[in-house]
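Following: one structure in structure tokens, then a few remarks.
Order of the sequence lines fixes the chain letters, A, B, ..., with proteins taken first and strands second; residue numbering starts at 1 for each chain.
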2 protein chains.
Amino acid sequence: MSAVADAHDLTVRGDLSTGAVESTPEERVLEALQECVLRWGVQKTTVEDIARSAGMSRATVYRLFPGGKSSMVEAGALAMVTDLVDQVALAVAAATDLTGALTALLVVSSTILADDEMLNFLMEHEQSVVEAQLALGGLDRLLAAVGAGAGPALEPHLGDAARAQEAAVWAARTVASHLLDPADGVSLADPTAAHHLVTTYFLPGFAPGD
Amino acid sequence: MSAVADAHDLTVRGDLSTGAVESTPEERVLEALQECVLRWGVQKTTVEDIARSAGMSRATVYRLFPGGKSSMVEAGALAMVTDLVDQVALAVAAATDLTGALTALLVVSSTILADDEMLNFLMEHEQSVVEAQLALGGLDRLLAAVGAGAGPALEPHLGDAARAQEAAVWAARTVASHLLDPADGVSLADPTAAHHLVTTYFLPGFAPGD
DNA sequence: AATGAGACAAATCGGGTCGTATTGTTCCAT
DNA sequence: ATGGAACAATACGACCCGATTTGTCTCATT
């Protein structure tokens, strides 16, 4: 019923590292959306703009995304989150100890967000669009996604799956808080700052028993 | 120049615990503002409404608050924050150990916010007003105020003043995050949940050395 | 079978106007 | 020091209007 339920399969076909050699029509639409948004912003981008940019007719775009522009934006956001979670999970899994894992979680997610062209554009020119995505439990879903995606990678160092997920959500909440309110000169993308934060607030509570 | 700089002295004269026996004209205006807002919301409340409710003329209200309605709202918010910080500092100071102090900080602040009639009303009916106060570095100032107000009360258990303030700001950020996004069924107003959070994430990092 | 082109009503949006309510200031009487 | 009144300037809401956009549909094309 909700637009979220209509989310399409955004699985990439082809090798990401070598650029999109093969991509689904849905992906082409999302790429077109990104192009248009970076040029004119979300509000000024029309479905016709997207269709033209994607090299297909408006009718086809509507066939691919029956929900219209809003569903495309939602799908785009979902794709970004999915990518983010995947990369974070990868970085966390590569860590050898709990400190490194948590630090990686903070640094990688913060770095990705700080370097994301689309997100930076929206935060600067159309912050309301970002807020709209986060409202109505959007942040909850985001945090839950991070917990579900990065939690398991944290489990080897914590044993308990529930504790791992809790820690991941907690870290994600921290990143989100600092992202939406950069405030104090602390940047979690800085490995030193992140490490300090982890060793000060996170780590000790987990190490051995409760 | 800014409306903040025009903030008036809101010191209460008389005993708070026995109700306002004696109050300044400014306070009467702020009380009137609260009455009107709870009835009609911020947007629909006019200066004339406030003056009538305060039992004085519109001219007098403008003499007291040259900045108009916006400065009254700002002064009201400031008063609320001041009260909050004072009560939190009091509760923190009453704690005998670090665990109790941090837990009190979370529980008392969360409880006050959760029980605040005005804040609940605004969050439900005029969330944009709250957001407007938090934007433009408003949250930063709020966090700094908590750090400055409650930090010293934390110092006896931490020794270092800078560390105490850092911890207070961190806790405040946690409360703010959970307030703006209640999400996961965790309520920091619940002493058990707060205690769990403190012992898990906060405490261990501070106890002895670095 | 999938796509493009076009048509279509409905909804949305930006701009413009207008009358009213509110604002912020001022003067004067008490 | 306060209230009452007046005042211009402004903000606001309601309304209308034309243009754009949306979402759905049909039909021809490949």
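The CG-C1' distance, from Leu64(A) to dT22(D), rounds to 17 Å in whole Å. For Trp40(B) and dT22(C), the CH2 to C1' distance is 15 Å, given to the nearest whole Å. Whole-Å rounding puts the Phe65(A) CZ to dT24(D) P distance at 15 Å. We find that CZ of Arg28(A) is positioned 15 Å from P of dA2(C), with the value rounded to whole Å. When the P atom of dT21(D) is taken as reference, atom OH of Tyr62(A) falls 11 Å away, rounded to whole Å. Rounded to whole Å, atom P of dT20(D) lies 19 Å from atom CD of Gln43(A).
When atom types are taken as modelled, the side chain of Arg58(B) and the backbone of Val47(B) share no donor-acceptor pair closer than 3.5 angstrom. With Thr45(B) contributing its side chain and Gly41(B) its backbone, the two residues share a donor-acceptor pair below 3.5 Å.
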Pairs under 3.5 Å (N/O, protein and nucleotides 4-13 of chain C):
from	atom 1	to	atom 2	distance (Å)
dG4(C)	OP2	Ser57(A)	N	3.2
dG4(C)	OP2	Ser57(A)	OG	3.3
dG4(C)	OP2	Thr60(A)	OG1	2.4
dG4(C)	O6	Arg63(A)	NH2	3.0
dA7(C)	N6	Arg58(A)	NH2	3.4

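Residue His195(A) qualifies as open at atom NE2: its count of foreign heavy atoms under 6.0 Å is 12 or below.
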Would you check, one step at a time, whether the test side-chain hydrogen bond (donor to acceptor under 3.5 Å, both in side chains) holds for Thr60(A) with Ser57(A)?
-> CA-CA 5 Å; Thr60(A) 303; Ser57(A) 77; 3.1 Å; yes
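Residues Gly147(B) and Val169(B) share a closest heavy-atom pair of CA-CG2, 3.8 Å. Heavy-atom minimum distance, Leu188(A) versus Ser110(A): CB-OG, 3.3 Å.
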